[in-house]
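Data block below; observations after.
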Amino acid sequence: MPRMSAVRGFTLALLATAARAEEACEGGGDCAVLLDEVSLLQRRTVTSISHGIASKAAALVADRTHGVDGMYLCPEGAYRVSKIVFDCGGASGSQAFTMASKLLETAQEIPKGAENLKVGITSSVDVDVFLFDPVDMQYVVHYSSSKAPINDRDRSGTYNGVKISFSGDDRSSPVTENITIDGVLPFPCSLRLQNYDDFDAQAVMTYSYDAIVPCPKDLKGCAPYTDEVQWSAKRVVYDWSFVSQTQFADAGAAWASLSDKLTPGPDGDKDAPSEYLSWSKYSDLFAFVHGDYSPELLMAGYKYMDKNGDGVVDKREFTKGYGEFDYKEAKGRKAGEEVSFGMQKMAGSAQGAWDAMSNAVPPAAQGWGPVAFKEVSDALSGGSVKWRMAFVYADADKDAFVSEDEFKALYKLYKKTTTPTTTTTTTTTTTTTTTT
């Protein structure tokens with residue numbers, strides 16, 4: 001009787017939740033969350049009846065619409081590129097993120113058809129929120145009356161047939177500014193933010209909307225996760241993994257370094273992680289390679305690490321990503337030997353090799369970082385060495401630099417009995433004859 005018990009349980013829950021949703025909607029309350037729950041219970045009931053308990057779990061995963069963090073999930077073959085992923089059925093929530101100092105940025109693209117949208121920003125510093133019409137190329141909401149029809153003086157009005165309200169310019173901490181649209185938005189628009197502070201600032205975006213009318217084929221906030229994008233995402237994670245392994249002893253230490261960025265998992269859900277790194281923290285996750293890739297590719301990297309597709313990166317997924325650069329001691333030593341061979345071939349002493357390469361590739365005070373070390377490795381090996389392996393092996397103190405002492409230690413690694421894979425028998429014999 002397990003199938004009938006499950007069906008009965010889902011049916012009773014569906015009826016009770018539907019009644020609560022109807023009461024909340026008729027009373028003018030916030031019923032969006034309850035309506036989402038009704039939709040989910042409907043799918044669960046049908047799934048249980050059609051497929052039975054054995055296949056129910058797989059069907060629920062396929063039908064899942066919201067992630068662990070409550071955000072609407074992008075469909076299969078797409079990845080998230082926006083703070084809000086718009087759901088045709090309406091939604092509400094909040095997203096915390098970091099705003100760069102002294103920067104005007106587009107925080108969110110809002111699709112045509114958003115109904116009864118309310119969006120707000122809260123921050124401890126002076127932040128302004130603007131609504132921009134990219135079609136007519138003008139501000140709709142701005143604190144300045146000379147730039148927008150709805151402003152700090154005229155805080156409500158009609159634009160293109162829809163009523164829009166603005167809470168006004170707030171400069172007292174905590175700063176909170178809101179924009180409300182009554183009705184269906186007849187044009188797409190952009191939510192822009194300006195951080196006037198001298199430092200990066202934390203902000204929280206809150207939002208709610210009833211629906212997207214009509215429902216578009218492609219949801220705003222998602223981008224195609226093509227084979228090309230996935231390959232680039234893998235490269236992002238690989239490079240991050242490599243740099244992380246020069247900074248931390250293991251994945252556990254790397255995860256612990258992000259402890260103040262982690263979010264506790266939802267209570268009562270045994271299948272959810274106990275803590276996770278939310279999508280909004282993707283730039284913190286990839287801090288070591290943040291300047292090497294566009295934000296869109298960093299977001300794709302986050303998607304690549306989210307192996308179970310629940311919308312967040314948990315510790316298990318983080319650990320797997322940390323190991324994307326598969327460092328092996330033996331491989332590191334072998335690569336180090338090949339660099340050492342080139343050093344000995346170039347100079348008769350470790351000091352001579354250091355002096356020569358320091359002139360060719362000037363090191364920082366701590367030594368050569370990864371990028372500079374690649375130049376050194378390429379110069380010594382003709383580009384044939386797996387330089388990342390050699391770097392991790394040489395960087396004994398894990399400070400992400402190969403210092404003078406570490407370079408000189410690497411010089412001594414190659415011995416006569418060692419045959420680097422990149423050299424020929426003739427080269428090895430010649431070197432053996434000249435090396436004392």
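Positions are given from 1 along the sequence.
Residues satisfying the side chain to side chain donor-acceptor pair (under 3.5 Å) criterion with Ser190, sequence neighbours excluded, are Glu109. Applying the side chain to side chain donor-acceptor pair (under 3.5 Å) test to Thr122 and every residue at least two apart in sequence or in another chain returns Thr176. With sequence neighbours excluded, no residue forms a salt bridge (charged side-chain N to carboxylate O under 4.0 Å, His left out) with Asp136. The salt bridge (charged side-chain N to carboxylate O under 4.0 Å, His left out) check on Glu324 picks up Lys234, with sequence neighbours excluded. Partners of Lys307 under the side chain to side chain contact (heavy atoms under 4.5 Å, CB included) rule, at least two apart in sequence or in another chain, are Tyr304, Glu317, Lys320. Scanning for salt bridge (charged side-chain N to carboxylate O under 4.0 Å, His left out) contacts around Asp239 gives Arg235, Arg388, with sequence neighbours left out. Every salt bridge (charged side-chain N to carboxylate O under 4.0 Å, His left out) that Lys328 has, sequence neighbours left out, goes to Asp326. The side chain to side chain contact (heavy atoms under 4.5 Å, CB included) test applied to Ser94 returns Val204, Thr206, not counting sequence neighbours.
Listed for the Tyr302 side chain is a donor-acceptor partner under 3.5 Å among the backbone atoms of Val313.
The disulfide bond (SG atoms under 2.5 Å apart) contacts involving residues 277-391 comprise nothing, where partners must be two or more places apart or lie in separate chains. For residues 117-135, no residue pair satisfies the salt bridge (charged side-chain N to carboxylate O under 4.0 Å, His left out) rule, not counting sequence neighbours. Sorted by first and then second residue, the side chain to side chain donor-acceptor pair (under 3.5 Å) pairs involving residues 71-80 (not counting sequence neighbours) are Arg80-Gln95. Pairs engaging residues 187-213 under the salt bridge (charged side-chain N to carboxylate O under 4.0 Å, His left out) rule: Lys102-Asp198 [sequence neighbours left out].
Summarising the geometry, atom NZ belonging to Lys331 is positioned 16.0 Å from atom OH belonging to Tyr393; distances are rounded to the nearest 0.5 Å.
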